[in-house]
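So the structure is just underneath, and the comments pick up after that.
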Amino acid sequence: MKRARGGGDEEGPRQNGSAGRRKGDQQQSDGDDGDSAFGPADLQDDDNDPGLRREIRSKYRDLINSVQQNREDMLSPSNNKLTEVLEQANKLFKDVRQAREAALDAQLLVVATDLGKEKASQLFAEGTAFDPTAFAEHLLSFMGLNRLEDGEEEQNGGAVDGYLPQDAWHRVARRAECCFRTAPSFHYMMGSFHAEPPPPKQKTERQRKAPSKEAKRIMPTQLKKMEESHQEATEKEVERILGYLKSYYQDDPTSPISYYEFVIDPSSFSRTVENIFHTSFLIRDGLARMYLDSAKLPCIAPVEEGEVEAGGSCSRKQCIISISPKMWKELIDAFDIRDTMIQPPNTE
Amino acid sequence: MTQRKRLSATQSSSQSRRQTGSLLAQEEDDDSTFTQPSSTQVQRGLEKLTPAQVDQKTAEVVQYFLVKDQKKIPIRRADLVKHVVKEYRNIYPEIMKRAVRIFDQVFGLKLVEIDTKNHMYILVNKLETVEGASPINSPTNPKMGLLFVILSVIFMKGGVVRENLIWNTLKKLRVDPAEKHEEFGDVKRVVTDEFVRQRYLEYVRIPHTEPPEHEFRWGQRADMEVSKAKILEFMGQLHEQDPQSWSQQYREAHSTPSSTQASTSSQR
């Protein structure tokens, strides 16, 4: 570090010197201008010509760019490119009139100084200086570069790497191995095992997915249950009861089916209520009809396919059936009901 | 709680860790669940366990290191405690002492804490690689060649180089960081990310540069693993020059790193 700073200091005066020289040039050129065309209007024109200003700025930028791009080449002690650049800058500075151009000149100075500093540090290095360009060349030979073919394209050959053998980098790696005390890495004998199968990814995905899945699962089941228990279940039950009614009717179409005998489940009051409820749908939809027999007891019978419409148009009557456990027991005794005509759904 | 306070007062490392700010907040969180137990605590912990249990845990730690070392990324103490040591954390120092011994005596490896602030460990080979073909014809990793070139340039240029010098040198070797290389893929990523995470390189922005420029230095792992003297030897071979002619580099190669080399050779 000390050395480098020393180099920079060493370079400092030189840069100042060149800047000083430039100042001198400028004065001189000012003088020239004054000689050739003394009119201040003319000078004004020259100063404000936007085309010329732009050109100067663009030339400065090009110069700065080329220094930055070719930095490594310019550093090599074998050429004088830095001096060339400074001379070019001196020429440009003759026409500098505005602050913006001067700022660019200053920027170039910064770049050039930096370069100068590094060049100086090379100069002051003890022993042999290390030249990365030469190193790269030697390394290419070591890697087995086919120089015969390369020949002419030495400069722009960077893009073409077909001349290097396939194992070029393996060669370097093998030679470099002895410089490394790298611990040999551990391998599984039975094939590869990836020690880290993206654990963070999986974790986040799982955490995010898990609750959403559960929510999805819960929601539909809840809905299904509601449907089944209310609408679909009722519909199914109604249809099932209609099936019973039709089959009893077909067994013996002539004998009437007593409503109470049909509906009452002697073993369960609640089943009886349910049966009454479901049977009422059959009546409402016109799929069954009720009538009083000769003993004024209610009877039930299915409505034949053809009769449906006809029945629909004829007079409809509504009634409310009420039943209490006491009535239910009395009815069971009165009709001597021993078995239900409608089997409960789960025992089917 | 009192235990931790006492420790942080005695350990300057944990104090400085506290100052490192928000960037390390995460690591600190992980690490704060773990406090280095005292020797009496370890003693008491050991009394409650059978020797077989301690051996088993030590073996797990050794395996964890070996597997994690495949990627050459330093292993954090916080991860080790969280994933392996777990409820044995009260005897952590004892387990580490045993693991170090196993690596040393069984595997010929040295377990090194390269970052005492964040508690990161790496494994380094204790045995020097014999020049020429290695006994096992293990496949070479071409990335080591790339790394070697970069480390060499940094060393030969005095320890710090601007990134441009590296990129230009690599371009001359037909490796363009802007293009996808058939062997290295995204070269820029390999150099500035992979090598940096493995602690072979340091890649730091140079202050006050616009557009931003970076510079490369040797990372902590390179300091532990790579022999400067051997790099210089290879340089001499390449340039057909006496390594001593780079007097400055020669002096550095044979002064500073010899301390680590001496310690390993004396252990052998």
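Worth saying up front: this structure is predicted, and the values here are computed from it rather than measured. Side chains included, hydrogens not; waters and symmetry mates left out as well; all remaining heavy atoms used. Below, chains carry the letters A, B, ... as their sequence lines are ordered, and counting in each starts from 1.
In terms of heavy-atom pairs under 4.5 Å with chain A, the best-connected choice from B:Gln244, B:His239, B:Glu183 is B:His239. Comparing B:Leu170, B:Asp69, B:Leu146 by heavy-atom pairs within less than 4.5 Å of chain A, the highest count is held by B:Leu146.
Atoms CE and OG1, from B:Met144 and A:Thr182 in turn, are 4.0 Å apart once rounded to the nearest 0.5 Å. Note that the CH2 atom of A:Trp169 and the NE2 atom of B:His181 stand 7.0 Å from one another [nearest 0.5 Å]. With rounding to the nearest 0.5 Å, the separation of CG in B:Leu173 from CD in A:Glu137 is 9.0 Å. The line from CZ of A:Arg181 to CG of B:Leu109 is 11.5 Å long, rounded to the nearest 0.5 Å. Atom CZ of A:Phe130 is separated from atom CD of B:Gln249 by 8.5 Å, given to the nearest 0.5 angstrom. Note: A:Cys179 SG to B:Phe234 CZ = 7.5 Å, rounded to the nearest 0.5 Å.
Environment of CZ in B:Arg189: crowded, with over 12 heavy atoms of neighbouring residues, nucleotides or ligands closer than 6.0 Å. Counting non-hydrogen atoms of neighbouring residues, nucleotides and ligands closer than 6.0 angstrom, the NZ atom of A:Lys81 exceeds 12 such neighbours.
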Exercise. Under the side-chain contact (heavy atoms from CB on, under 4.5 Å) rule, what do A:Met143 and B:Arg174 come out as? Steps first, then yes or no, please.
Key: CA-CA 11 Å; A:Met143 289 159 110; B:Arg174 317 289 201 259; over 6 Å; no
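For a residue to count as touching a neighbouring chain, one of its non-hydrogen atoms must lie under 4.5 Å from one of that chain's; by this rule B:Lys72 touches chain A with the side chain only. Contact of B:Asn168 with chain A is made through the side chain alone, with heavy-atom distances under 4.5 Å. Neither the backbone nor the side chain of B:Phe155 comes within less than 4.5 Å of any heavy atom of chain A. Heavy atoms closer than 4.5 Å to chain A are found in both the backbone and the side chain of B:Val149. Using a 4.5 Å cut-off between heavy atoms, B:Tyr250 makes no contact with chain A at all. Contact annotation for B:Ile122: neither backbone nor side-chain heavy atoms come within less than 4.5 Å of a heavy atom of chain A.
Residues B:Met235 and A:Phe135 have side chains in contact (heavy-atom distance under 4.5 Å, counting atoms from C-beta outward). Counting heavy atoms from C-beta outward, A:Leu139 and B:Lys172 have side chains that stay 4.5 Å or more apart. Residues A:Asp114 and B:Arg162 are in side-chain contact: their nearest non-hydrogen atoms beyond the backbone lie under 4.5 Å apart. Using a 4.5 Å heavy-atom threshold, the side chains of A:Pro132 and B:Leu165 count as touching.
Here the closest heavy-atom approach between residue B:Leu123 and residue A:Ala183 is recorded as O-CB, 3.7 Å. Closest approach of A:Ala173 to B:Pro142, counting heavy atoms only: CB-CA, 4.1 Å.
Under 3.5 Å, the side chains of B:Glu240 and A:His138 contain no donor-acceptor pair of N or O atoms.
Listed for the B:Lys230 side chain is no donor-acceptor partner under 3.5 Å among the backbone atoms of A:Phe180.
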